[in-house]
**Q** 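Input: one structure, supplied below.
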Amino acid sequence: MGELRMSMLVDTFNRAHRDLRVSITDRCNLRCTYCMPPDFSDWLPGDHLLSVDELLLVIEVATEQGIENIRLTGGEPLVRPDVVEIVRRVKALPLAPKVSLTTNALRLTELAQPLADAGLERVNVSLDTLDRERFKTLTFRDRFNDVIAGIEAAQRAGLTPLKVNAVLMRGVNDDEAIPLLRHSVANGWNLRFIEQMPLDAQGSWERAEMISAAEILELLSAEFDLVAVPTRGSAPAEEFTVDGGPMTVGIIASVSKPFCAACDRLRLTADGQIRNCLFARDETDVRATLRDPSITEAERRDRIARLFASSVLAKLPGHGINDPSFIQPDRPMSAIGG
Ligand code: SAM
Ligand code: SF4
């Protein structure tokens with residue numbers, strides 16, 4: 001069924017949208033330096049976060065418009081107590097999408113199996129270092145062992161292929177490119193390096209500090225035989241087989257080699273705003289429609305569908321990070337949903 005479904009969310013550049021990233025909370029139990037400062041407290045008001053029923057209605061309407069993949073994210077999606085219920089109910093929708101989740105893995109030890117039982121297909125785990133002390137410095141929490149245990153729990157629960165996302169920072173963890181890949185290959189993790197983007201809450205991103213995809217490739221090529229895998233489609237990562245395969249490594253060049261022309265993603269923030277790009281300056285408010293007591297349920301659905309359509313029609317050709325006029329979005333990654 002999924003293959004045959006028509007996307008009604010086609011933008012003015014002929015990009016059909018099939019992927020919706022849904023942030024279910026902006027809260028987090030880590031403080032990764034490239035994401036938020038250690039004393040971050042600018043959380044969304046609790047009553048602005050969408051309820052499970054509200055999330056389900058938006059996701060259901062999105063599937064009716066051709067969305068086939070839902071990725072739950074945040075903030076940290078696993079700090080939301082009803083995350084298993086969300087997965088179970090999304091998988092029970094008439095046009096059930098594929099559901100995956102991006103997480104820091106801290107709560108996976110207890111949640112991997114219930115999530116798999118609820119129908120979750122895969123997880124992406126974020127991990128930037130293999131060193132416990134460095135993990136503490138990078139995240140302001142001494143939770144490295146929980147991440148490793150969480151990854152193992154995900155593998156046991158069959159949430160595979162398990163992808164691990166790493167952000168390299170100059171002089172901080174760029175000496176770990178090779179060890180991270182070696183460890184990933186040995187443990188069956190699909191490692192992907194992501195270029196650091198200007199999305200931190202403190203606005204301290206500097207282009208010169210970013211380790212570019214070209215640099216990452218050069219670093220890794222000193223140790224591994226990497227061969228580009230030709231098919232990329234709308235996937236953001238450029239994939240390479242490692243030492244003849246079958247394991248691969250991905251490099252996501254969001255800044256230095258944007259993949260906007262093939263973008264098929266939309267985002268829903270935890271407080272019910274549709275964003276047509278991570279770097280969008282404008283948002284489309286669905287929360288007001290979800291909470292409007294003066295309309296019927298049929299009208300509500302119809303309005304949500306129109307809001308998706310209007311957001312897609314307003315989508316720009318690219319994120320513009322490399323334009324001189326680029327301005328970092330007002331919201332940090334944790335509030336948009338990474
Ligand atoms: N808390 C979950 C996690 O860390 O996986 C999900 C949300 S997090 C915002 C999603 C992804 O965004 C993570 O892989 C994280 O490394 C990445 N990320 C956060 N800030 C970033 C930045 N400034 N540049 C690049 N990636 C970033
Ligand atoms: Fe939390 Fe993920 Fe941001 Fe790290 S990257 S602070 S785990 S939301």
Side-chain angles (χ1 to χ4, degrees), residues 21-44 70-80 83 100-108 111 115 122-129 134-141 143-144 146-147 150-151 154 159 162-170 172-173 176 180 189-207 209-213 216 236-237 250-256 258-259 265 267-270 275 278-279 319 321 328-329 331-338:
R21 308 273 156 123
V22 179
S23 173
I24 58 174
T25 179
D26 64 327
R27 275 58 165 179
C28 189
N29 41 12
L30 292 182
R31 295 289 181 274
C32 304
T33 48
Y34 51 70
C35 187
M36 57 176 92
D39 57 350
F40 187 71
S41 61
D42 197 8
W43 309 113
L44 295 168
I70 297 289
R71 172 176 298 281
L72 301 178
T73 182
E76 173 48 41
L78 300 188
V79 302
R80 193 159 159 155
V83 62
S100 57
L101 186 141
T102 302
T103 174
N104 61 27
L106 293 191
R107 297 201 62 220
L108 271 182
L111 287 176
L115 285 166
R122 284 196 316 97
V123 287
N124 283 10
V125 171
S126 306
L127 181 62
D128 306 316
T129 178
R134 189 176 274 177
F135 183 90
K136 212 157 85 177
T137 314
L138 284 179
T139 66
F140 288 87
R141 301 287 185 273
R143 303 291 302 272
F144 175 75
D146 296 314
V147 177
I151 290 176
L159 296 173
L162 184 126
K163 293 187 181 172
V164 171
N165 295 339
V167 177
L168 292 181
M169 289 156 282
R170 201 174 298 288
V172 176
N173 65 343
E176 288 201 65
L180 271 167
W189 308 349
N190 247 301
L191 181 65
R192 291 127 41 99
F193 290 101
I194 307 177
E195 282 180 345
Q196 189 177 352
M197 294 179 276
L199 283 171
D200 54 314
Q202 57 273 49
S204 63
W205 181 86
E206 282 185 46
R207 183 175 297 265
E209 291 307 306
M210 182 191 82
I211 309 280
S212 69
I216 297 168
I251 304 183
I252 305 186
S254 331
V255 179
S256 64
F259 34 86
R265 290 171 190 78
R267 288 166 200 276
L268 178 70
T269 67
R275 295 178 67 94
L278 252 183
F279 296 93
H319 59 40
I321 299 181
Q328 182 167 338
R331 287 184 191 250
M333 179 82 123
S334 56
I336 296 170

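Computed over heavy atoms, backbone and side chain alike; hydrogens, waters and symmetry mates excluded. Atoms within a ligand are numbered from 1 in the order they appear, just like the ligands themselves.
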**Q** Looking only at protein heavy atoms, identify the closest one to atom 18 (N) of ligand 1 and say how far it is in Å.
**A**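 For atom 18 (N) of ligand 1, the nearest protein heavy atom is Met333 CE, 3.5 Å.
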**Q** When you look for heavy atoms under 4.0 Å from ligand 1, do you find them on the side chain of Thr103, its backbone, both, or neither?
**A**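 Within the 4.0 Å criterion, Thr103 contacts ligand 1 through backbone atoms alone.
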**Q** Test side-chain hydrogen bond (donor to acceptor under 3.5 Å, both in side chains) on Arg122 and Asn124; report intermediate values, then the result.
**A** CA-CA 7 Å; Arg122 284 196 316 97; Asn124 283 10; 3.2 Å; yes
**Q** At their closest point, which heavy atom of Phe144 faces which heavy atom of Thr129, and how far apart are they?
**A**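 Heavy atoms of Phe144 and Thr129 come nearest at CE1-O, 3.4 Å.
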**Q** Do Thr102 and Arg71 meet the criterion of a side-chain donor-acceptor pair at a distance under 3.5 Å?
**A**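 Side chains of Thr102 and Arg71: pair found under 3.5 Å.
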**Q** Which of the numbered atoms in ligand 1 are below 4.0 angstrom from a heavy atom of Asn104?
**A**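 Checking each atom against Asn104, I get 2 (C), 3 (C), 5 (O).
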**Q** Decide yes or no on salt bridge (Lys or Arg N to Asp or Glu O under 4.0 Å) for Arg134 and Glu176, but give the supporting numbers first.
**A** CA-CA 11 Å; Arg134 189 176 274 177; Glu176 288 201 65; 2.8 Å; yes
**Q** If the cut-off is 4.0 Å to any non-hydrogen atom of Thr73, which atoms of ligand 1 fall inside it?
**A**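 Here the atoms of ligand 1 in question are 6 (C), 7 (C).
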**Q** If you round to the nearest 0.5 Å, how far is CE of Met36 from OG of Ser41?
**A**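 Spacing of OG (Ser41) from CE (Met36) equals 11.0 Å.
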**Q** Counting only heavy atoms closer than 4.0 Å, does ligand 2 sit against the backbone of Cys28, its side chain, both, or neither?
**A**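 For Cys28, the contact with ligand 2 is made by the side chain alone.
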**Q** Distance-only, no hydrogens or angles: does the Arg143 side chain make a donor-acceptor pair with backbone N or O of Phe140 under 3.5 Å?
**A**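 Checked: no pair found.
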**Q** Can you tell me if Gly74 contacts ligand 2 (heavy atom of the residue under 4.0 Å from the ligand)?
**A**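 No, that is not the case, since the closest heavy atom of the residue is not under 4.0 Å from the ligand.
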**Q** Which atoms of ligand 1 have any heavy atom of Val167 under 4.0 Å away?
**A**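 Going through ligand 1 atom by atom, the ones under 4.0 Å from Val167 are 16 (O), 26 (N).
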**Q** At less than 4.0 angstrom from any non-hydrogen atom of Glu195, what atoms of ligand 1 do you find?
**A**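 Heavy-atom distances to Glu195 below 4.0 Å select 25 (C).
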**Q** Using heavy-atom distances only, which candidate in Arg21, Met197, Arg27, Lys163 approaches atom 24 (N) of ligand 1 most closely?
**A**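 Answer by nearest heavy atom: Met197.
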**Q** Taking N or O atoms only and a 3.5 Å limit, does Glu76 qualify as a polar contact for ligand 1?
**A**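 N/O-N/O distance under 3.5 Å: yes.
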**Q** Specify the protein heavy atom at minimum distance from atom 21 (C) of ligand 1: its residue, its atom name, and the distance to 0.1 Å.
**A**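 Sorting protein heavy atoms by distance from atom 21 (C) of ligand 1 puts Tyr34 CD1, 3.5 Å first.
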**Q** Backbone N or O of Cys32 within a donor-acceptor pair of the Arg141 side chain at under 3.5 Å?
**A**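 Checked: no pair found.
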**Q** Against heavy atoms of Asn165, which atoms of ligand 1 measure under 4.0 Å?
**A**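 Result: 14 (O).
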**Q** What atoms in ligand 2 come closer than 4.0 Å to a heavy atom of Gly75?
**A**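 That gives atoms 8 (S) of ligand 2.
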**Q** Got an N, O or S from Cys35 under 2.8 Å of atom 3 (Fe) of ligand 2?
**A**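 Under 2.8 Å: Cys35 contacts atom 3 (Fe) of ligand 2 through an N, O or S atom.
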**Q** Would you name the heavy atoms of Glu76 and Thr103 that are closest together and state the gap between them?
**A**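 So the minimum-distance heavy-atom pair works out to OE2-OG1, 2.7 Å.
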**Q** ring-ring contact (aromatic ring centres under 6.0 Å, His included) with Trp43: which residues, sequence neighbours excluded?
**A**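 Residues passing ring-ring contact (aromatic ring centres under 6.0 Å, His included) with Trp43: Phe40.
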**Q** Does some side-chain heavy atom of Leu106 sit less than 4.5 Å from a side-chain heavy atom of Leu78?
**A**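 No. Closest side-chain heavy atoms not under 4.5 Å.
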**Q** Give me the nearest non-hydrogen protein atom to atom 8 (S) of ligand 1 as residue plus atom name, then the distance to 0.1 Å.
**A**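 Among all protein heavy atoms, the one nearest atom 8 (S) of ligand 1 is Gly74 O, 4.4 Å.
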**Q** Could you find the nearest protein heavy atom to atom 4 (Fe) of ligand 2 and give me its residue, atom name and distance?
**A**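 In this structure, atom 4 (Fe) of ligand 2 has Cys32 SG, 2.3 Å as its nearest protein heavy atom.
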**Q** For atom 4 (O) of ligand 1, what is the nearest protein heavy atom, given as residue, atom name and distance?
**A**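 The closest one turns out to be Ser126 OG, 3.3 Å.
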**Q** Would you mind running through ligand 1 and noting each atom that sits below 4.0 Å from a heavy atom of Gly75?
**A**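 Listed by number with element, the hits are 1 (N), 2 (C), 6 (C), 7 (C).
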**Q** Would Ala166 count as a contact of ligand 1 if the rule is a heavy atom under 4.0 Å away?
**A**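 Ala166 does not count as a contact of ligand 1 under the 4.0 Å cut-off.
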**Q** For Asn173 and Asp128, which heavy atoms make the closest approach, and how far apart are they?
**A**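 Nearest heavy atoms, Asn173 then Asp128: ND2-O, 2.9 Å.
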